[in-house]
Chemist: 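Here it is, the structure in full.
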Amino acid sequence: MSTMGGLSQMKLAVNFLTIGLVILSLPCGSYTEIPPKPPGSVTVLPPVKPAGGPQAFPDAENSNLPVFTMDYARIQVPFEVTLWVLLASFAKIGFHVYHKITFWVPESCLLISIGLIVGAIMHSVHEEPPAVLSYNVFFLFMLPPIVLESGYFMPTRPFFENVGTVLWFAVVGTLWNSIGIGMSLYAVCQIEAFEVQDINLQENMLFAAIISAVDPVAVLSVFEDVSVNEQLYIVVFGECLFNDAVTVVLYNMFIFVADMPVVEPVDVFLGVARFFVVGLGGMGFGVIFGFVASFTTRFTSNVREIEPLFIFMYSYLAYLVAELFSISSIMAIVTCALTMKYYVEENVSQRSCTTIRHVVKMLGTISETLIFFFLGVVTITTEHEWNWGYIMFTLLLALVWRGLGVLVLTQIINPFRTIPFNFKDQFILGYGGLRGAISFALVFTLPDSIGRKKLFLTTTICMIMFTVFIQGISIRPLIEFINVRRTNRNLETINVEIHSRLIEHTIAGVEDLCGQWSHYYWKDKFLKFNNRILRKILIRDNRAESSIVALYKKLELQNAMEILDTVSGDINAGSSIVSLQYVYPLSPSSSCSLSLSLYFALSLILLLSLSLACSPSLSLSLVLSLTLSCSLFYPLLSKGLKSS
Amino acid sequence: MGALQSLSDEPEYRELAEKTGFSFEQIGILHKRFKQLSHNEDMLRRADLNTIPDLACNPIRTQIIEAFFDKRNFHQNGDGTVEEISFEEFLVVMSHFRPPALNMTEEQREKVRREKLRFLFNMHDTDNDGTITLEEYRHVVEELLSRSGALGKETAKGIADAAMLEVASISMGHMEPDEFYEGITFEHFLKILKDIEIETKMNIRFLNMDTTTLCNRDSSSIR
């Protein structure tokens, strides 16, 4: 296995090297622009004289047929996009070569660090980075894949069991944080020593609304590797997705109000009404599009190749339509994915199902990688305004208010929960409130009428760096230190599934017996409704199948694939399904140093091509910095690898 | 216990509260429900429970009802079944579903877990020989899947066999080809289900509000 891996790696490397060399050789010709042909025009050749002389093109000047032309301006945008994506992905590969790093430092931090380095390089040669974190690009292209991924892979059963708590923290918690931080910041602004008295109450509240929202991108990237107990995980997960409704309302409200000198009570009332429109509208749109998507997949049995397309198109459509009406697009796409998943996975073929899952994960990971990478880049390249007092107080107040909020809210909601949160859970809940790129994008697009926009930008960046680096890195050791209750999330045995069902039915039965109903009752009712009506409409082949049987079939399939795999070696279909479930062990260290050097060579080439695309001076500085870092890191890393 | 109609009968309730851990209000409400089910008599019979309409569509209702009449669940070290139960025994069976207290030590949690898993084990082990045999397991799986369409006994059998194989491989490791796995003992049962976090899953939130008024349709349908 390992030799095969090494060989294929070699082949891959050789391919890349050839491509890289080709790219490099391109500018060896003239790096000047040839005037681009207008698209779609027909080249009119001068008429060929039949009894021709020695030349076929009797041009007036001396130019011959150009054997080799280059038209960079035409492909510039897609080319740069591709190179940036590849660069960020190479960074990701690089982290996993030495996997001890990713265990202790979450990937988000590593990506931001690399972004900082690249940003520093770009800044030093006065290049502008691509505007990835601008409002439109970020909210229309970068954010939907991540949110789709989190919605699609959300564990539905724990979610619905804890939906009350999730919504409570998402809505009331975010409100508490915004209002608390806003008011306290306004009080801080009154202190003369900090020289920020020109920020009025509305602007403070606006800023507080932006930075009090817990960010799904940051939280998910940290919490995915760390295993806490199921209830805690789902509350953190759900909170960061569903607080979008509140953030949208508060943001729009305060932007609107920031221009007005006086706030009237009717505006507050309208704000509350708007919140309901935004939240419920988002969920409503999501459910509608989810049902339409499920209904469509009922008829796709003859067009299996484009089945996955419907999932992506409908969820993106839900997102865009919600953006159209300025209602919560994140909630729309999450509810769409939740609704769709159950019915669609029964209608589509096995291959489409695998494709959908894989593509959703891939898009989500790329988006997340790019977002963190560009966070690092724009940190260096934007203009900052530093103010010790304001920034320090913002950090402090954010922590304090979040802590207080979690304490108070948990006290209120614990009596309603079957499993109340103890203090350890509450600590992690409060500590896990990371801020991320959404806050940055919102601040970035504040109107320029707000005087202290640069200060807000700087503060937001500090907030993000602080939470992602310090809280993100320390949360894993803290969880182990305070011994939070963990759940083993990989329970796919038949016995567990059978007994989970058994427990559910038992509890439903005993509840009916003693007349005390809880969510199991509603769940039972919904399942009956589902079986009787919804499944008949939305699923093509309606054979009511128990989850036990589904799991059994899946495990049998896996067993069969495993047997095939070990007996005859390389079967493509088998490895594609099995590889989704299993993680292959790392290749032994003998090929590690080889892969490391290849990795460095590849990234060098990639960076060179990227920089040549931008400017020659950039390329020079990049070459210098890379050779320096290679020469420094290589002996260190190879020593480290040999010892591990 | 005579006709206990109000909470003012403190000594009986106190004794029950100590034994089962319910609060006085919860005991009062459950007592009202007991009376509703048993038509104001002192003892509850199987026939009374069979008439609850919501329970009728539960796939494992026979096992659930049997559990209430199973002496092993009365915490008195008896075994076998009885024909009718009193309120005290009803409450003791109900106490298996109480959620664990907020701050418990690891041993208390383990004890709660064992108790709840013991309840499930007793539901499987109908002949009370201390092991769950293949037949008993098959029976449970068939009941569970009986509601999901015409799957037939073969699928259920296959699933039960696969499950037993899983238990055998987890608890006994590698077995010789001619070794026969007798049945799942309680210790093996604990082992395979140790990750299921039963103390958080197998709970009913007993309310302090009176919900018996919502159940009056049961008594009317019995007539």
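Chain letters run A, B, ... following the sequence lines, proteins first, then strands; residues in each count from 1. In this text, all values refer to a predicted model and were calculated from it rather than measured experimentally.
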Chemist: Within residues 117-125 of chain B, which residues come under 4.5 Å of chain A, heavy atom to heavy atom?
Modeler: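 So far as heavy atoms go, B/F119, B/L120, B/M123, B/H124 are the residues that approach chain A to under 4.5 Å.
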Chemist: Looking at A/N495, A/L502, A/N229, which has the largest count of heavy-atom pairs under 4.5 Å with chain B?
Modeler: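 Going by pairs under 4.5 Å, I would pick A/N495.
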Chemist: Within a strict 4.5 Å, meaning less than it, do heavy atoms of the A/I498 and B/I159 side chains meet?
Modeler: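 Sidechains of B/I159 and A/I498: in contact.
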Chemist: Report the residues that fulfil side-chain contact (heavy atoms from CB on, under 4.5 Å) with B/R61, sequence neighbours left out, ordered by chain and then residue number.
Modeler: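 Expected list: B/L55, B/N58.
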Chemist: Applying side-chain contact (heavy atoms from CB on, under 4.5 Å), can you list everything that pairs with A/F427, at least two apart in sequence or on another chain?
Modeler: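 side-chain contact (heavy atoms from CB on, under 4.5 Å) list for A/F427, sorted by chain: A/Y431, A/L478, A/I482.
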Chemist: Tell me, side chain or backbone of B/F68 under 4.5 Å from chain A's heavy atoms, or both, or neither?
Modeler: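 For B/F68, the contact with chain A is made by the side chain alone.
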Chemist: Determine whether more than 12 heavy atoms belonging to other residues, nucleotides or ligands lie under 6.0 Å from atom CZ of A/F481.
Modeler: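 Not more than 12 within 6.0 Å, no.
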Chemist: Can you list the residues that meet the side chain to side chain donor-acceptor pair (under 3.5 Å) rule with A/Q426, with sequence neighbours excluded?
Modeler: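 By the side chain to side chain donor-acceptor pair (under 3.5 Å) rule, A/Q426 matches no residue at all.
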Chemist: For the CD1 atom of A/I507 and the CD1 atom of B/I64, what is their distance to the nearest 0.5 Å?
Modeler: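 The CD1 atom of B/I64 is 10.0 Å from CD1 of A/I507, to the nearest 0.5 Å.
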Chemist: Tell me, side chain or backbone of B/V93 under 4.5 Å from chain A's heavy atoms, or both, or neither?
Modeler: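 B/V93 has no heavy atom closer than 4.5 Å to chain A.
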Chemist: Under 4.5 Å from any heavy atom of chain A, what part of B/L193 do you find: side chain, backbone, both or neither?
Modeler: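 Answer is side chain: those atoms of B/L193 sit under 4.5 Å from chain A.
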